[in-house]
Asker: 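Have a look at this one.
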Amino acid sequence: MAAAIAIALVAIAIGSLAFHYASPWWLTPIASNWHAMDDALLLTFAITGVVFVALHLFVAYAVMRFRHQPGRVASREHGNRKLEWWLIGLTTLGIIGLLAPGLTVYAHLITPPANASVFEVMGQQWQWHYRLPGKDGKLGVTDVRFMQPSNPFGIDPEDPKGQDDVLVDGQELHLPQGRPALAQLRAQDVLHDFYVPQFRTRMNMVPGMVTHFWFTPEKNGRFEVLCAQLCGVGHSNMRSYVVVEDMAAYENWLARQPTFGGGGKAGVGGPAEPGKQGRLVAQGKGCLACHSVDGTAGVGPSWKGLFGRSEAMADGKSVAVDEDYLKESITAPQARIVKGFAPVMPPAQLSEAETAAVVEYIKSLH
C-alpha cells in the first residue's frame with residue numbers, strides 16, 4: 001500500500017508538470033507595455049511549481065522511508081530549532097517572492113505617466129459606455145443626479161468642460177498605438193471589471209468610486225473587452241472591443257464621434273435625426289448589447305430592416321412586424337419567440353414613451 005501511494009504521488013507531480021507544459025491553454029499574445037505582468041505570473045508559476053513538486057516528492061519519500069514495519073518503533077523528538085529556522089526562512093523567501101513582484105507591478109499600474117491620455121469607461125448591466133475628453137483635453141464634471149438613458153455618465157449639462165466630451169457611439173473604443181492611455185473606471189449599478197486579456201490589465205469598477213489604471217497599446221488590432229466580475233444574468237453578454245490603430249486612423253474615427261454638447265450627428269443636443277431619442281434609450285438601457293443595427297447576428301434578431309418584414313416564430317407561425325408586435329416584444333418578450341433564438345430576453349424596464357421611442361428607432365433602421 002505504501003509503495004502504491006508513493007508511486008501515485010510521484011505520478012501526480014510528473015503528470016502536473018507534463019500537463020502544464022503541454023497544455024493548449026496559455027496566455028494570449030501581449031499587446032501592451034505590461035510585460036512585467038507576464039514575468040510576475042511566470043515567477044509565481046515557478047515558485048509554486050517547485051513547492052508543489054517538492055512537497056509531493058517529500059511525502060512520497062516519507063511514506064516509503066517511515067512506513068510501518070514489524071518491530072520498528074517511532075522515537076519522540078521535541079523541538080528542532082535548526083529545522084524551524086530553515087522552514088521560517090524558506091517560507092519567508094517564498095512569500096516575498098510571490099508578493100513583491102505583483103505589488104511592485106501594481107504600484108506602477110496605478111501611477112500613470114504625465115503624458116497619458118485619459119478615457120472613461122462606465123460599466124452598466126450589461127454594456128460598456130466610453131467617454132473621451134474633447135478639444136479642451138478635460139472631462140466634464142459628473143453627478144448621479146444627471147444620469148438617465150440619454151446621459152449614462154451623468155455629465156453636468158451646465159459644466160462648460162463637458163460640452164465637448166466625446167461620447168463613443170456603440171460598443172467599440174479606438175485608441176492610438178504607442179500613446180499611454182489612462183483608463184478611468186466607474187460603475188452605474190453593480191460591481192464590474194474592465195478586462196482586456198491582451199493588455200494584461202484589469203480593474204474592478206465599484207459603484208460610487210472611481211478606479212483607474214494605465215497602459216500603452218503596443219500592437220494594432222481589435223481586442224475584446226470582457227467583464228471579469230459576475231455582474232448578473234447577462235454577464236456573458238457584456239462584451240465590447242478596443243481597436244488600436246495608427247494616429248491618423250484614430251483621429252479620423254474620433255472626428256466621427258458625437259459630443260455631449262451636440263457636435264456631430266448623435267450629440268445629445270445636436271441636430272435631429274430619425275429615431276434619435278430611441279437610439280439613445282436603446283444604448284442607455286443596454287438593448288444594443290443583444291440586438292445589432294447592422295444586420296449581424298446577435299443574441300437577439302438584428303433590428304436592421306426588421307420593421308415591415310415577416311418573422312418566423314418558434315411555434316411555426318409567422319408574424320408581420322408592425323408597431324404592436326414590436327411593443328409586445330419589448331414589454332412581453334416571452335409571448336412570441338422568433339425561430340432560431342433562445343427565450344432569454346427579460347421584459348424591458350421602459351416607460352411607455354421610451355418604448356415608443358425605441359419602436360420609432362427600429363422603424364428608421366432600413
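Hydrogens, waters and symmetry mates are skipped; everything else that's a heavy atom, side chains included, is used.
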Asker: If you measure only the distance, is there a donor-acceptor pair under 3.5 Å linking the side chains of Q177 and D246?
Answerer: no
Asker: Go through S16 and F52 one step at a time and tell me if the side chain to side chain contact (heavy atoms under 4.5 Å, CB included) criterion holds.
Answerer: CA-CA 9 Å; S16 298; F52 178 83; 3.6 Å; yes
Asker: Indicate the atoms forming the closest heavy-atom contact of M64 with A6, along with that distance.
Answerer: CG-CB, 3.6 Å
Asker: Answer yes when E311 and K339 have at least one side-chain N-carboxylate O distance shorter than 4.0 Å, and no when they do not.
Answerer: no
Asker: Taking everything shown except Q69 itself, do over 12 heavy atoms lie less than 6.0 Å from its CD?
Answerer: yes
Asker: According to a 4.5 Å side-chain heavy-atom criterion applied to Ile, Leu, Val, Met, Phe, Trp and Tyr, with indirect links allowed, do V10 and V59 form part of one hydrophobic cluster?
Answerer: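 No; tracing contacts between hydrophobic side chains, which count when under 4.5 Å, never links both residues.
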Asker: Are F194 and V118 linked, directly or through other ILVMFWY residues, by side chains that come within less than 4.5 angstrom of each other?
Answerer: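 Shared cluster, yes.
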Asker: For Q171 and W128, indicate whether the former's side chain and the latter's backbone hold a donor-acceptor pair under 3.5 Å.
Answerer: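 Side chain of Q171 to backbone of W128, a donor-acceptor pair under 3.5 Å: yes, one is there.
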Asker: Counting the benzene-type ring for Trp, do F119 and Y130 have ring centres under 6.0 Å apart?
Answerer: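 Not under 6.0 Å, so no.
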Asker: Tell me whether D165 is salt-bridged to R131, with the criterion being a basic N under 4.0 Å from an acidic carboxylate O.
Answerer: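 A salt bridge links D165 with R131.
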Asker: Please assess F199 against F223 for the test ring-ring contact (aromatic ring centres under 6.0 Å, His included), listing each intermediate value before the final yes or no.
Answerer: CA-CA 9 Å; F199 294 163; F223 307 103; 5.3 Å; yes
Asker: Would you say the side-chain atoms of N80 pair up with the backbone N or O of L83, donor to acceptor, closer than 3.5 Å?
Answerer: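 Confirmed, N80 side chain pairs with L83 backbone.
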Asker: Run the side chain to side chain contact (heavy atoms under 4.5 Å, CB included) check on K304 and V293 step by step: do they pass?
Answerer: CA-CA 5 Å; K304 183 177 182 180; V293 296; 5.6 Å; no
Asker: Closer than 3.5 angstrom, by distance alone: can the side chain of E354 be matched with the main-chain N or O of S351 as a donor-acceptor pair?
Answerer: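 Yes; at least one donor-acceptor contact below 3.5 Å.
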Asker: What class does the angle between the rings of H174 and W253 fall in, given that below 30° is parallel, 30 to 60° is tilted and above 60° is perpendicular?
Answerer: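 Ring orientation, 0 to 90° scale: parallel.
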Asker: Is K161 salt-bridged to D159, cutoff N-O under 4.0 Å?
Answerer: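 So K161 does not pair with D159 through a salt bridge.
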Asker: Nearest 0.5 Å please: distance from the CH2 atom of W126 over to the NE2 atom of H192.
Answerer: 9.0 Å
Asker: What's the spacing between S329 OG and R336 CZ if we round to 0.5 Å?
Answerer: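 So the gap between those two atoms works out to 7.0 Å.
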Asker: Are C227 and H235 packed together at the side-chain level, in the sense that at least one heavy-atom pair is separated by less than 4.5 angstrom?
Answerer: yes
Asker: Between D193 and R202, is the closest basic N to carboxylate O distance under 4.0 Å?
Answerer: yes
Asker: Side-chain contact test, heavy atoms from C-beta onward, threshold under 4.5 Å: evaluate it for V225 versus V242 and give yes or no.
Answerer: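 Yes - at least one pair of side-chain heavy atoms lies under 4.5 Å apart.
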Asker: Any side-chain heavy-atom pair from R186 and T142 closer than 4.5 angstrom?
Answerer: yes
Asker: Rounded at 0.5 Å granularity, tell me how far CD in E323 sits from OG1 in T355.
Answerer: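 E323 CD to T355 OG1: 12.0 Å, rounded to 0.5 Å.
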Asker: Out of curiosity, M122 CE to D189 CG, how far, rounded to the nearest 0.5 Å?
Answerer: 9.0 Å
Asker: What I'd like to find out is whether the side chain of W34 reaches to under 4.5 Å of the side chain of W214, using heavy atoms alone.
Answerer: yes
Asker: Hey, mind stepping through D136 and K138 against salt bridge (charged side-chain N to carboxylate O under 4.0 Å, His left out) and telling me if it holds?
Answerer: CA-CA 6 Å; D136 62 0; K138 298 179 180 178; over 6 Å; no
Asker: Can you check side chain to side chain contact (heavy atoms under 4.5 Å, CB included) on V210 and L185, steps first, answer last?
Answerer: CA-CA 6 Å; V210 179; L185 311 171; over 6 Å; no
Asker: From L306 CG over to I362 CD1, what is the distance, rounded to the nearest 0.5 angstrom?
Answerer: 6.5 Å
Asker: Side chains of V196 and L226: closer than 4.5 Å at any heavy-atom pair?
Answerer: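 Answer no - side chains too far apart.
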Asker: Would you give the length of the straight line joining atom CZ of R67 to atom CD1 of I5, rounded to the nearest 0.5 angstrom?
Answerer: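 The CD1 atom of I5 is 12.0 Å from CZ of R67, to the nearest 0.5 Å.
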Asker: Under 4.5 Å between side-chain heavy atoms, counting indirect links through other Ile/Leu/Val/Met/Phe/Trp/Tyr residues: same cluster for Y361 and Y325 or not?
Answerer: yes
Asker: Using the side chain to side chain contact (heavy atoms under 4.5 Å, CB included) rule, take N151 and F260 through it: C-alpha gap first, then chi angles, then the decisive distance, then the call.
Answerer: CA-CA 8 Å; N151 185 11; F260 178 71; 3.7 Å; yes
Asker: If you take the centroid of each ring, where Trp contributes its six-membered ring, are W26 and H20 closer together than 6.0 Å?
Answerer: yes
Asker: Below 4.5 Å, heavy atoms only, C-beta onward: do S32 and P217 meet side chain to side chain?
Answerer: no
Asker: Do L42 and V105 belong to the same hydrophobic cluster, where Ile, Leu, Val, Met, Phe, Trp and Tyr are linked whenever their side-chain heavy atoms lie under 4.5 Å apart, directly or via other members?
Answerer: no
Asker: Does a side-chain heavy-atom distance below 4.5 Å link L175 with F215?
Answerer: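 Touching, per the 4.5 Å side-chain cut-off.
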Asker: Can you check whether I88's main-chain N or O pairs, donor with acceptor, with T91's side chain at less than 3.5 Å?
Answerer: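 It does not hold such a pair.
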Asker: Side-chain heavy atoms nearer than 4.5 Å, only ILVMFWY residues, links allowed to pass through others: does that put M313 and L326 together?
Answerer: yes
Asker: Mind checking whether N204 and Q229 have side chains closer than 4.5 Å, heavy atoms only?
Answerer: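 Counting from C-beta outward, N204 and Q229 do come under 4.5 Å.
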Asker: Heavy-atom count around F66 CZ within 6.0 Å, excluding the residue itself: above 12?
Answerer: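 More than 12 heavy atoms, drawn from other residues, nucleotides or ligands, come within 6.0 Å of this atom.
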Asker: Run the numbers on H212 and E120 for side-chain hydrogen bond (donor to acceptor under 3.5 Å, both in side chains), then give the verdict.
Answerer: CA-CA 9 Å; H212 70 273; E120 185 177 51; over 6 Å; no
Asker: Is any NZ, NE, NH1 or NH2 atom of the basic residue among R81 and E84 found under 4.0 Å from an Asp or Glu carboxylate oxygen of the other?
Answerer: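 No, this pair does not count.
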Asker: Indicate yes or no for a side-chain donor-acceptor contact from T216 to the backbone of R179 under 3.5 Å, with no hydrogens or angles considered.
Answerer: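 No; zero donor-acceptor contacts below 3.5 Å.
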